[in-house]
Amino acid sequence: MDDVALAVVQHYAKVRRDLPWRRTHDPYAIWVSEVMLQQTRVQTVIPYWERWMAKFPTVRALADAPLDDVLAAWAGLGYYSRARNLHKGAQAVRESGLPSKASELRDVPGIGPYTAGAIASIAFGEKAPLVDGNVARVLARVFAITADIKSTAGQKALWSRAGELMAALPSPHAPGALNQGLMELGATICTPTGPRCLVCPLVKHCRAAIEGRQDELPVVAKRKGLDELPVLARAALWLQQGDEIVLARRRAEGLFGGLWELPQGDDRLEVARALGVTVDPDAVAYHDQVLSHRRLRIAVFRGGMPARLVAGALSGYDRIARFSLGEVGSLGVAAATTAILSKYEATPWNSIPKRSSSSPKATRRSSKGSAASGTTSRTRTSQKRRSARRRGSTS
DNA sequence: AATGCGGGGTA
DNA sequence: TACCCAGCATT
């Protein structure tokens, strides 16, 4: 057991990637990184973390910021309860500072078993174990754990092993190095498919490798296929007049809670009635998006500009307002609405560069059917409408 | 124990 | 496609 722990920290010292949050000892900075990294890849997180730390450099700065600003900085990362909880957590520890022990960190909103272990070990040097997806894979192979790693039994076995490993770590070595070393191993060598056992420092200790079972472990329950996800159909209204567009803010809990989007409802007439506008009968675009547990299909309709906006008129939202196109980029807008808006060249694209946003400007047109090319989003303009309508009309 | 909760990279 | 990502909260 101590052989394994030692091999991990020694390997980590050798190959440790130079990530931005590894250059600091600030517990808050590490906290932010760990929350962003929940179910999110390192490469995705890096630019978000950099912008976040520049905008909210301290717990106090975050605690004092309006939730709107917090969500704007998070927009695009997904799982927005992470941002809401981080904000709430910052307010909770605004005066006292972040607790240093894993057991106390667990009381902070958004900090679960993994994140508590990560902050305690990395920022405070506590010998606290952790298990994430990477560590689960590594330990399941090294110790030949055959229980489903997502199951209660599997998690129990994994945390138990992780705890033993941490207890076996010789004292001069940093607990954070063991934990990060395990994760690093899972991310770079002990990968889900095609693990590179030939260069793995644990190969001599790994039951899976020794028995040639590295492709059979870990055992993980199959997830729902794409066609098994329930489809949620929504109607969104695109209400624009000149430079101004109508956006609504979702209530702070639940899906996309607190984010701004084109006002949506179950059908176009519901939304039109709530806002007191007329709306075109035919959709100008559809946007499909796959979430963890459902598929989203948003039909986009053009309509007239409402004379007066009443907060609370549309269920599910707590605010509704007009924004100039230039302001949209500084709002917390989820990916679906961002993708829809970006299809129209009238919308300035000054929000976070998302690599694949490709050409907000190019093409369009394609008066032929075939979805507009170039973007990874599934937004596409309905075929029959596009040549006829294009922008303007109504309003 | 199961479900809700985003978005994107990749084999 | 399907899989998975430095998971957490709620039921």
Side-chain angles (χ1 to χ4, degrees), chain A residues 17 19 21-22 30-46 48-49 71 74-86 88-89 105-119 121-122 129-138 148-156 162 176 179-188 191-194 218 220-230 232 250 253-259 261 287-296 332-339 352 354-357 375-378:
Chain A
R17 285 174 293 175
L19 304 176
W21 45 87
R22 286 182 177 167
I30 292 168
W31 177 18
V32 172
S33 76
E34 292 301 340
V35 174
M36 286 186 171
L37 286 163
Q38 290 167 12
Q39 297 291 286
T40 309
R41 291 169 196 283
V42 166
Q43 292 310 313
T44 302
V45 166
I46 290 174
Y48 279 90
W49 186 86
L71 288 173
W74 199 276
L77 260 187
Y79 285 136
Y80 296 94
S81 67
R82 294 184 294 170
R84 300 194 298 268
N85 281 333
L86 193 50
K88 195 182 305 176
L105 285 161
R106 283 301 317 273
D107 296 334
V108 178
I111 297 185
Y114 162 77
T115 306
I119 297 173
S121 65
I122 297 169
L130 61 75
V131 175
D132 73 329
N134 288 308
V135 176
R137 186 167 53 251
V138 172
D148 175 1
I149 59 173
K150 301 284 202 185
S151 72
T152 305
Q155 283 290 307
K156 191 176 170 198
N179 285 336
Q180 295 185 83
L182 287 168
M183 293 191 280
E184 199 89 345
L185 220 44
T188 62
T191 47
T193 61
V220 50
K222 205 171 85 67
R223 67 193 56 225
K224 279 186 178 171
L226 195 59
D227 50 355
E228 301 178 84
L229 299 178
L232 181 62
R250 297 180 70 112
E253 61 276 4
L255 186 63
F256 302 125
L259 294 172
E261 62 185 19
H287 177 77
D288 291 327
Q289 183 178 8
V290 180
L291 309 181
S292 306
H293 287 279
R294 62 183 68 177
R295 303 171 71 163
L296 213 52
V333 177
T337 291
T338 296
I352 311 318
K354 306 269 256 62
R355 289 195 357 177
S356 60
S357 68
T375 63
T376 56
S377 82
R378 299 275 182 121

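Quick caveat: nothing in here was measured; it's all calculated off a predicted structure. All chains are named by letter (A, B, ...) in the order of the sequence lines, taking the proteins before the strands, and each is independently numbered beginning at 1.
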Could you give the CD-to-C1' distance, from E228(A) to dT3(B), as a whole number of Å? 15 Å
Taking the C1' atom of each, how far is dA9(C) from dG8(B), in whole Å? 23 Å
Please write out the pairs of protein N or O atoms and N or O atoms of nucleotides 7-11 of chain C separated by less than 3.5 Å, giving the distance to one decimal.
unit_1: dG7(C); atom_1: OP1; unit_2: G133(A); atom_2: N; d: 3.1
unit_1: dG7(C); atom_1: OP2; unit_2: Q39(A); atom_2: N; d: 2.8
unit_1: dG7(C); atom_1: OP2; unit_2: Q39(A); atom_2: NE2; d: 3.4
unit_1: dG7(C); atom_1: O5'; unit_2: Q39(A); atom_2: N; d: 3.4
unit_1: dC8(C); atom_1: OP1; unit_2: G112(A); atom_2: N; d: 3.0
unit_1: dC8(C); atom_1: OP1; unit_2: G112(A); atom_2: O; d: 3.4
unit_1: dC8(C); atom_1: OP1; unit_2: Y114(A); atom_2: N; d: 3.4
unit_1: dC8(C); atom_1: OP1; unit_2: T115(A); atom_2: N; d: 2.8
unit_1: dC8(C); atom_1: OP1; unit_2: T115(A); atom_2: OG1; d: 2.8
unit_1: dC8(C); atom_1: OP2; unit_2: Y114(A); atom_2: N; d: 3.3
unit_1: dA9(C); atom_1: OP1; unit_2: G110(A); atom_2: N; d: 2.6

Could you tell me which residues satisfy side-chain hydrogen bond (donor to acceptor under 3.5 Å, both in side chains) with E253(A), sequence neighbours excluded, listed by chain and number? R251(A)
Which is true for A334(A) with a 4.0 Å heavy-atom rule: it touches a base, it touches only sugar-phosphate, or it touches nothing? sugar-phosphate
5′-ward residue of the pair T152(A)/S292(A) relative to DNA chain B: T152(A)
Rounded to the nearest Å, what distance is computed from the NZ atom of residue K224(A) to the P atom of nucleotide dG6(B)? 16 Å
side-chain N/O R294(A) vs dC5(B) OP1/OP2, d < 4.0 Å: yes
Side chain to side chain, W31(A) and V108(A), heavy atoms closer than 4.5 Å: yes
For T44(A), enumerate each residue passing the side-chain contact (heavy atoms from CB on, under 4.5 Å) test, keeping only those at least two apart in sequence or located in another chain. T40(A), R41(A), L77(A)
Counting any heavy atom closer than 4.0 Å, what does L19(A) reach on the DNA or RNA strands: base, sugar-phosphate only, or nothing? base
Quickly work out the I46(A) CD1 to dC5(C) C1' distance and round it to whole Å. 14 Å
When the distance from CD1 of I149(A) to C1' of dC4(C) is rounded to whole Å, what number comes out? 10 Å
Would T115(A) and L105(A) count as a side-chain contact (heavy atoms from CB on, under 4.5 Å) if you check the C-alpha gap in whole Å, the side-chain angles of each, and the deciding distance to 0.1 Å? CA-CA 8 Å; T115(A) 306; L105(A) 285 161; over 6 Å; no
Nearest whole Å is fine: how far is dA6(C) C1' from W21(A) CH2? 9 Å
What's the shortest heavy-atom distance between Q289(A) and F256(A), and which atoms? OE1-CZ, 4.5 Å
Nearest 0.5 Å, please: how far is CG in L86(A) from CD in E34(A)? 12.0 Å
When rounded to the nearest 0.5 angstrom, what distance separates CZ in R137(A) from CG in D132(A)? 8.5 Å
Short side-chain N/O contact from R137(A) to OP1 or OP2 of dC5(C), under 4.0 Å: yes
Regarding R82(A) and Q39(A), is there a side-chain donor-to-acceptor distance under 3.5 Å anywhere? no
W74(A) has an atom CH2; how far is it from atom C1' of dG6(B), in whole Å? 11 Å
Taking atom C1' of dT1(C) as reference, at what distance in whole Å does atom CG of D227(A) sit? 10 Å
OP1 or OP2 of dC4(C) versus the side-chain N and O atoms of R223(A): is any pair under 4.0 Å? yes
Roughly how far apart, to the nearest Å, are dC3(C) and dG6(B) at atom C1'? 16 Å
Round to the nearest Å and state the distance from L232(A) atom CG to dG6(B) atom P. 12 Å
Between A153(A) and R84(A), which residue's closest nucleotide on DNA chain B lies nearer the 5′ terminus? A153(A)
Using a heavy-atom cut-off of under 4.0 Å over every strand shown, decide if V42(A) touches base, sugar-phosphate, or nothing. base
May I ask you to say what R17(A) touches in the nucleic acid, namely base, sugar-phosphate or nothing, with a heavy-atom cut-off under 4.0 Å? base
